[in-house]
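Below: one structure, written as structure tokens.
Being a predicted model, the structure only gives us computed values, none of them experimental. Naming: A, B, ... by sequence-line order, numbering from 1 per chain.
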Number of protein chains: 2
Amino acid sequence: MSKQAFQAAYIHCYELIRDKILNGELPGGTKLVEERLAEELGVSRTPVRESIRKLEQEGLIQKKRVVQPSVEDLRHIFEVRMLLEGFSARCAASYMDEATQEKVQECITIAREGTVDITMDANKQFHDLIVQASRNPEIVRIIDRMQSIIYLFRRAVVYYKRPFLIDEHQHILDAIRSHDAAAAERLMKEHLQADLDFYLHLGKH
Amino acid sequence: MSKQAFQAAYIHCYELIRDKILNGELPGGTKLVEERLAEELGVSRTPVRESIRKLEQEGLIQKKRVVQPSVEDLRHIFEVRMLLEGFSARCAASYMDEATQEKVQECITIAREGTVDITMDANKQFHDLIVQASRNPEIVRIIDRMQSIIYLFRRAVVYYKRPFLIDEHQHILDAIRSHDAAAAERLMKEHLQADLDFYLHLGKH
DNA sequence: TTCGAATTTTTTGTATACATTTTTAAAATA
DNA sequence: TATTTTAAAAATGTATACAAAAAATTCGAA
């Protein structure tokens, strides 16, 4: 049996609650009551409490309520993404090894043909690999922390099949492969801006 | 009596433990034992536990031990600072109103003549005001989260009286005042790089 | 001695009870 | 009816007890 067969309850709770938020089972605005969740998950309030605190730190919960990110929130997050992921793309153009470039290419290929879920995963992986090329754990952590909210957003984008999204990914990779740092950064920023614009436009309906 | 006269114990604990870490009473590497801290602070383990979790999220504690940031950690943090504070300085050149510019000027003036503690506060305030000019709460939050580790660092820098530090602040403000966004960003990045270099050089002794 | 198994001690994780605070609902007054 | 007061309930914060896990120590054998 694996050494990790047993998982502390509070970690398990954290993941369960997080998933409930991300898949919409706990929609934005819902008040999280410790006792109710405890009963639902079959544990005491203690681990639930810790989970909620952690989710609060991550920004998915605010004042015991599930966050419903506003358009402004999204703008702010994307501003940070453009800075940090743009920088990461620039690094990738200098540092990323061939094997990783191959993996990035696979993400693009898979995303072209997969189901919605597979495409979402592949697109996330695409960004993750580039962020990791920054070789800066702080940057990785910051982007990771925003991931949850980005996730809620990305779901909508892929669901509506934003045109050119995957082509843009390909262009970014091409720039990285030809070690054109300035182009990689610029293309990444434009790509994120397009994502954001598309999303904001959707909100108009 | 004010409505906030009473403070939840876990908030109080958080602040006390945090201060103990920042002022060196709990030096890097120290193992934090819930029960001992609880006794020391005169509360039960419950609020202490929550405080530790929060400090873990903030990066001041890792695996129950007080973090001792490595040179690499510092490099990574400063890379992020250069990106985000550089951007903020750029924004400041466009958006910062005159009243705030005045406040920034005061920070510089105070820092020139104050004691070590006053100078530290003023320098922190200088950076805070510029970060706020980004008008992006995400950026403010990220920088704030790094503040604790930055604080430990800044203490050393001011203690050893890095030359030109305040002059550089003045140059940045001048660029902001003349609405030269590119210069503001460049000067801020150079300033942070100089800070980092100075610190790394100190470490060589 | 040195290594490793076994045991003790320490520390953490969880449940539960109770106190305090906040929220909600109800009643009473203008 | 609207608004404030008061009472009720619900929810959170805290302490404490116990169980499980991790760490430290002891002991014996090579």
Q.
Between P on dA21(D) and NZ on Lys64(B), what's the gap in Å once rounded to a whole number?
A. 16 Å
**Q.** Sub-4.5 Å side-chain heavy-atom contact between Tyr14(B) and Glu58(B)
**A.** yes
(Q) Here's a test of your reading of the structure: between Ile11(A) and Arg65(A), which maps to the more 5' nucleotide of DNA chain C? (A) Ile11(A)
**Q.** No-hydrogen, no-angle side-chain donor-acceptor test under 3.5 Å, Gln105(B) and Gln170(B)
**A.** yes
**Q.** Sequence neighbours excluded - ring-ring contact (aromatic ring centres under 6.0 Å, His included) pairs with any residue from residues 69-108 of chain B
**A.** Phe78(B)-Phe153(B)
Q | Those residues of residues 25-43 of chain A lying under 4.0 Å from DNA chain D by at least one heavy atom | A | Leu32(A), Val33(A), Glu34(A)
Counting only pairs under 3.5 Å, give me each side-chain donor-acceptor contact of residues 35-43 of chain B, with atom names and distances, residues two or more places apart or in other chains.
{"residue": "Glu40(B)", "atom": "OE2", "partner": "Lys20(B)", "partner atom": "NZ", "Å": "3.2"}

Q. CD of Glu56(B) to CG of Leu32(B): how many Å apart, nearest 0.5 Å?
A. 9.0 Å
Q) Rounded to the nearest Å, what distance is computed from the NZ atom of residue Lys63(B) to the C1' atom of nucleotide dA23(D)? A) 13 Å
Q.
Does anything in residues 46-56 of chain A come within less than 4.0 Å of DNA chain D? Heavy atoms only, and list the residues if so.
A. Arg49(A), Arg53(A)
**Q.** Min side-chain heavy-atom separation Met146(A)-Glu138(B) under 4.5 Å
**A.** yes
Q | Spacing of Arg45(A) atom CZ relative to dG13(D) atom P, expressed in whole Å | A | 8 Å
Q) Who passes side-chain contact (heavy atoms from CB on, under 4.5 Å) against Glu168(A), sequence neighbours left out? A) Arg162(A), Phe164(A), His191(A), Ala194(A)
Q. What residues, two or more places apart in sequence or in another chain, satisfy side-chain contact (heavy atoms from CB on, under 4.5 Å) together with Ala111(B)?
A. Thr119(B), Ala122(B), Asn123(B), Ile166(B)
